[in-house]
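These numbers were taken from a predicted model, which means no experiment stands behind them. We number each residue from 1, following the sequence as shown. Counting starts at 1 for both ligands and their atoms, following the listed order.
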Amino acid sequence: MAKYDLCVIGAGPSGYAAAMRAIDFGKKVLLVEKAEIGGAGVTNGALSSKTWWELAKNVNSLYLHKSRYNLSTPEINFNELRDEVEAAVHERKDMLTSHIDKLKKLASEKISITLMKGNAYLKSPHSVEITSDKGIETIETDYIILATGSRPCKLDNIPIDENIIMTSDGISNLKEFPKSMVILGAGVIGCEFATIFSSMRCTKVNIIDKGDRILPFEDEDVVEVIEQNMEEHNIQIHRSSQMIRMDIVDGEVEYELEYSDGRKEVYHVEKALVSVGRVPNYENLGLEEIGVELNNRGIIDNDTQTSVPNIYATGDITADIALVNVGELEGRYAVERIFGTPARKLVYENISTIMFLNPEVAGVGLNEIQARNKGINYKVASVDYSLIPRAIAKRNTQGFVKMLVTDDDEMKIIGLRVVGEHASSAMQAIALLISMDKGIEEIAECVHPHPSIPEGIQECVRLFLGKSTFKPYALNNLMQCKVYKGENEKV
Ligand SMILES: Cc1cc2nc3c(=O)[nH]c(=O)nc-3n(C[C@H](O)[C@H](O)[C@H](O)COP(=O)(O)OP(=O)(O)OC[C@H]3O[C@@H](n4cnc5c(N)ncnc54)[C@H](O)[C@@H]3O)c2cc1C
């Protein structure tokens with residue numbers, strides 16, 4: 001029976017990162033994947049959807065500039081665009097696979113990695129059974145990392161067939177842009193797909209939102225910009241609505257909504273996308289049988305370690321923050337815990353995120369809703385994009401930069417939100433300052449590249465320090481500095 005130091009189950013971003021980090025410790029590593037290398041980080045997930053988003057952004061841009069360049073209305077060819085998305089997915093999968101092939105060729109006492117295609121099942125804390133086309137093989141291992149990811153959540157009362165009523169996994173089954181579509185769920189993934197489909201201008205998009213606004217976890221000023229653009233792009237947001245039923249009738253979708261005022265309406269569209277969250281893949285792995293503690297959300301872990309000491313869990317399976325960068329962080333951290341001592345604690349406070357909407361929204365640390373929920377007093381400064389030369393040069397000044405710092409002399413950075421073109425361009429710098437528990441002085445005097453969006457962040461910081469270039473008392477509709485103290489008090 002083959003014997004390994006570490007068996008990683010699942011070759012998505014988390015498992016792949018874990019396996020590669022284990023190589024640094026000179027360990028004999030087995031990486032098992034039952035479907036596609038890269039997991040949802042590549043296929044039917046982060047990379048495929050971002051490729052769609054970039055293509056949609058190009059289309060938007062063509063429309064915006066067509067009269068200037070005397071262009072006729074762009075012809076959007078679904079197959080051409082779908083092929084481009086598939087090319088991106090293949091490119092990344094090939095890269096991930098050929099990297100392992102190259103490492104295998106270099107195999108030495110120090111480097112030992114095997115990628116095995118098959119479905120893994122834990123027979124005991126130290127043995128894993130792998131079922132593939134070639135048969136069943138059982139291996140022995142000192143440690144196991146479970147990185148089996150998550151899948152779209154399905155609702156019992158909706159007949160999801162991944163063709164007419166889809167989850168994000170079914171997008172790749174589309175043969176053309178539907179003429180109309182409803183998206184159930186106004187979270188990040190639902191709103192990203194609403195942005196993509198509406199930007200192509202081939203699909204009338206509707207979103208079902210049980211609250212009175214989309215992205216309920218995000219600050220109102222952020223959501224306001226996104227909703228305004230969505231409605232300008234002909235997206236209908238069914239606000240404060242409950243879905244009573246959704247069925248497939250004559251090859252199309254029929255859905256009925258009940259609004260908060262008691263009104264009921266029936267709608268018909270060509271396709272539906274159900275985007276109501278993701279559930280961790282912890283079933284059918286033999287976990288209960290070998291004593292891994294579970295609760296109704298999945299695996300109970302203590303800083304990635306499960307209740308069975310040599311078994312760890314990382315990435316989406318842990319049902320916390322479902323992001324590629326978080327999965328990678330956890331995978332690398334688990335390996336460092338197993339074979340060494342992690343240099344840093346596993347912290348989630350300074351994780352940067354981007355929502356690929358129109359325009360892009362980037363964030364790190366807390367937003368105002370989160371700071372208030374935690375009972376933190378804070379100062380908040382915001383600077384409109386129209387004060388940032390790069391935004392002017394891009395001929396799109398829609399957006400703003402908003403920074404939160406502690407309401408004390410140190411003014412430590414609590415969080416940042418940027419809405420607009422190039423929003424993500426300064427996130428890492430701020431993430432680093434948050435993780436170093438630093439204040440804002442350093443940014444105020446650091447020479448930023450010009451013209452760049454991070455100059456807006458610098459102006460926010462100078463606003464806190466009372467030395468901004470533009471003066472809020474002259475331009476108070478474009479820049480503001482406020483203090484939040486206690487419940488609902490903003491002065
Ligand atoms: C539409 C969409 C868009 C997204 N956009 C972003 C984004 O912009 N940015 C971002 O950071 N994140 C994004 N995400 C989230 C991101 O894709 C996930 O958080 C990330 O892929 C999780 O990585 P993981 O390794 O934990 O799991 P996964 O990527 O799900 O990989 C798990 C792997 O384990 C394999 N597996 C499962 N069970 C077994 C078994 N028994 N044996 C062997 N193999 C098994 C699966 O086949 C899979 O390949 C998006 C997700 C979706 C669905």
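- Residue K34 has at least one nitrogen or oxygen atom sitting less than 3.5 Å from a nitrogen or oxygen atom of ligand 1, judged on distance alone.
- Near L285, meaning under 4.0 Å from one of its heavy atoms, ligand 1 places the atoms 41 (N).
- Among the atoms of I9, none of the N or O lies under 3.5 angstrom from an N or O of ligand 1.
- Below 3.5 Å of separation, one finds an N or O of S14 facing an N or O of ligand 1.
- Around CZ of R82, the count of heavy atoms belonging to other residues, nucleotides or ligands within 6.0 Å exceeds 12.
- Y16 does not count as a contact of ligand 1, since none of its heavy atoms falls under 4.0 Å from the ligand.
- Within a 6.0 Å sphere centred on CZ of R297, other residues, nucleotides and ligands contribute 12 heavy atoms or fewer.
- Looking at I130, V42, V324, it is V324 that brings a heavy atom closest to atom 11 (O) of ligand 1.
- At least one N or O atom of A120, backbone or side chain, sits closer than 3.5 Å to an N or O atom of ligand 1.
- For ligand 1 and R278, the ligand atoms under 4.0 Å from any heavy atom of the residue are 53 (C).
- A search for ring-ring contact (aromatic ring centres under 6.0 Å, His included) contacts involving F25 returns nothing, not counting sequence neighbours.
- The shortest N/O to N/O separation between I317 and ligand 1 does not fall below 3.5 Å.
- Pairs passing the side chain to side chain donor-acceptor pair (under 3.5 Å) check and including a residue from residues 6-28, sequence neighbours excluded, read S14-T314, Y16-H99, R21-D24, R21-E336.
- Annotation: the span from E162 atom CD to S172 atom OG amounts to 8.5 Å, rounded to 0.5 Å.
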